[in-house]
Amino acid sequence: MKKNGILNSEISKILADMGHTDQLIIADCGLPVPDGVKKIDLSIYEGIPSFEELLNLMMNEMKIEKAILAEEIKGKNSNLNKRTVDKLKSSDIEVVYIQHEEFKKKSQFSKTIIRTGEATPYANVILQSGVLF
């Protein structure tokens, strides 16, 4: 039995299988999941777990080189945007913004979408895997 780190076996497997430039998404409870993309649903109740809780865990478990957010988060969820960008940039992670419609199109190429209980606007991020060397 694994004794530390992310205990969820599906998430652990996805992370172990990821290569350089592979992407996964941390999503709020409203982001649509395209047909054919694996969904890991962690939502228990509105707000549980939160987007930020899962992002913190993923930043500890995964080498991230780039994070992609929807441009709309700046105006519709500015507090979460600021906290997220500050956290990512403090870890030298490149932050890129794209329109939400483009974000949804890009989601079809993600290895998985991990659904949280987050219920605030545009609380979604595409995390692109880096390499350790």
Side-chain angles (χ1 to χ4, degrees):
M1 177 177 200
K2 188 174 179 188
K3 70 179 196 175
N4 54 36
I6 292 179
L7 300 178
N8 181 289
S9 61
E10 291 179 283
I11 296 173
S12 290
K13 172 120 176 67
I14 290 289
L15 291 174
D17 288 346
M18 288 186 76
H20 187 219
T21 73
D22 284 343
Q23 297 179 340
L24 66 79
I25 296 175
I26 298 173
D28 60 31
C29 59
L31 187 73
V33 177
D35 290 340
V37 175
K38 180 175 183 58
K39 176 178 75 172
I40 301 173
D41 193 344
L42 301 181
S43 62
I44 297 169
Y45 194 79
E46 185 176 314
I48 301 173
S50 73
F51 170 85
E52 290 180 275
E53 287 172 317
L54 190 56
L55 179 59
N56 290 337
L57 287 170
M58 297 306 284
M59 287 179 70
N60 287 330
E61 297 282 323
M62 176 183 177
K63 175 64 175 171
I64 303 166
E65 69 178 12
K66 180 168 39 173
I68 303 168
L69 298 160
E71 183 76 34
E72 291 86 346
I73 194 173
K74 292 177 183 177
K76 302 286 186 178
N77 202 346
S78 60
N79 290 334
L80 179 63
N81 177 58
K82 181 177 181 351
R83 290 191 306 272
T84 300
V85 170
D86 288 350
K87 182 183 317 287
L88 292 165
K89 287 189 174 182
S90 73
S91 295
D92 294 322
I93 298 169
E94 176 188 5
V95 176
V96 175
Y97 291 94
I98 59 176
Q99 293 297 311
H100 188 60
E101 286 305 313
E102 182 65 23
F103 187 102
K104 290 190 290 188
K105 288 177 187 172
K106 285 183 76 60
S107 71
Q108 66 186 317
F109 303 106
S110 189
K111 294 289 183 185
T112 192
I113 296 177
I114 304 172
R115 183 175 181 244
T116 67
E118 187 70 43
T120 63
Y122 304 102
N124 308 294
V125 64
I126 298 171
L127 300 177
Q128 182 169 303
S129 181
V131 291
L132 299 174
F133 52 88

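Only heavy atoms go into these numbers, but all of them, side chains included; no hydrogens, no water, no symmetry mates.
- In the hydrophobic clustering of this structure, L55 does not group with I98; members are Ile, Leu, Val, Met, Phe, Trp, Tyr whose side-chain heavy atoms approach within less than 4.5 Å, directly or through other members.
- With hydrophobic clusters built from ILVMFWY side chains whose heavy atoms lie under 4.5 angstrom apart, V37 does not share a cluster with I26.
- Here the CG-CG distance, from L80 to L69, works out to 8.5 Å after rounding to the nearest 0.5 Å.
- For the pair R115 (side chain) and L42 (backbone), a donor-acceptor distance under 3.5 Å is absent.
- Considering every non-hydrogen atom in both L88 and A67, the closest pair reads CD1-CB, 3.6 Å.
- Side-chain contact between V125 and F103: absent, with no pair of heavy atoms (C-beta onward) separated by less than 4.5 Å.
- Within a 6.0 Å radius of NZ in K87, other residues, nucleotides and ligands contribute more than 12 heavy atoms.
- With hydrogens and angles disregarded, no donor-acceptor distance shorter than 3.5 Å links the side chain of E118 to the backbone of S50.
- For the side-chain contact (heavy atoms from CB on, under 4.5 Å) criterion with P121, the lone passing option out of H100, K76, E72 is K76.
- There is a side-chain donor-acceptor pair under 3.5 Å between Q23 and Q128.
- The closest side-chain donor-acceptor pair between T120 and N77 falls under 3.5 angstrom.
- Between the side chain of S129 and the main chain of H20, no donor-acceptor pair closer than 3.5 Å is present.
- I6 and I113 fall into different hydrophobic clusters, where Ile, Leu, Val, Met, Phe, Trp and Tyr side chains are chained together by heavy-atom contacts under 4.5 Å.
- Using a 4.5 Å cut-off on side-chain heavy atoms (C-beta onward), K111 and D17 make no contact.
- To the nearest 0.5 Å, the span separating CD1 on I14 from OG on S9 amounts to 10.5 Å.
- Side-chain N or O atoms of D86 include none that pairs as donor or acceptor with a backbone N or O of K89 at under 3.5 Å.
- A continuous path of Ile, Leu, Val, Met, Phe, Trp and Tyr side chains, each step under 4.5 Å between heavy atoms, connects L57 with I114, placing both in one hydrophobic cluster.
- L15 and I126 sit in two unconnected hydrophobic clusters of ILVMFWY residues. Membership requires side-chain heavy atoms under 4.5 Å apart, directly or through other members.
- With a 4.5 Å cut-off on side-chain heavy atoms, L127 and M59 do not count as touching.
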Residues V131, K63; criterion side chain to side chain contact (heavy atoms under 4.5 Å, CB included); working and verdict:
CA-CA 6 Å; V131 291; K63 175 64 175 171; 5.8 Å; no
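- Judged by distance alone, with hydrogens and angles left aside, the side-chain atoms of D22 form a donor-acceptor pair with the main-chain N or O of G19 at under 3.5 Å.
- T112 places a side-chain N or O within donor-acceptor distance of the main-chain N or O of K38, the cut-off being under 3.5 Å.
- Within the 3.5 Å criterion, the main-chain N or O of V33 finds no donor-acceptor partner in the side chain of S107.
- Listed here is the closest heavy atom pair of F51 and A123: CD1-O, 3.3 Å.
- Under the 3.5 Å distance criterion, the side-chain polar atoms of Q108 are matched with a main-chain donor or acceptor of K105.
- The two atoms that bring G5 and E61 nearest to each other are CA-OE2, 3.0 Å, heavy atoms only.
- Under 4.0 Å is where a charged nitrogen must lie from a carboxylate oxygen, and between E10 and K13 no such pair does.
- For the pair T21/E65, a side-chain contact is recorded, criterion being any heavy-atom separation below 4.5 Å from C-beta on.
- When every heavy atom of K3 is checked against every heavy atom of L7, the shortest pair comes out as C-CD2, 4.4 Å.
- Put simply, the side chain of N81 never gets that close to the backbone of I73: no donor and acceptor are under 3.5 Å apart.
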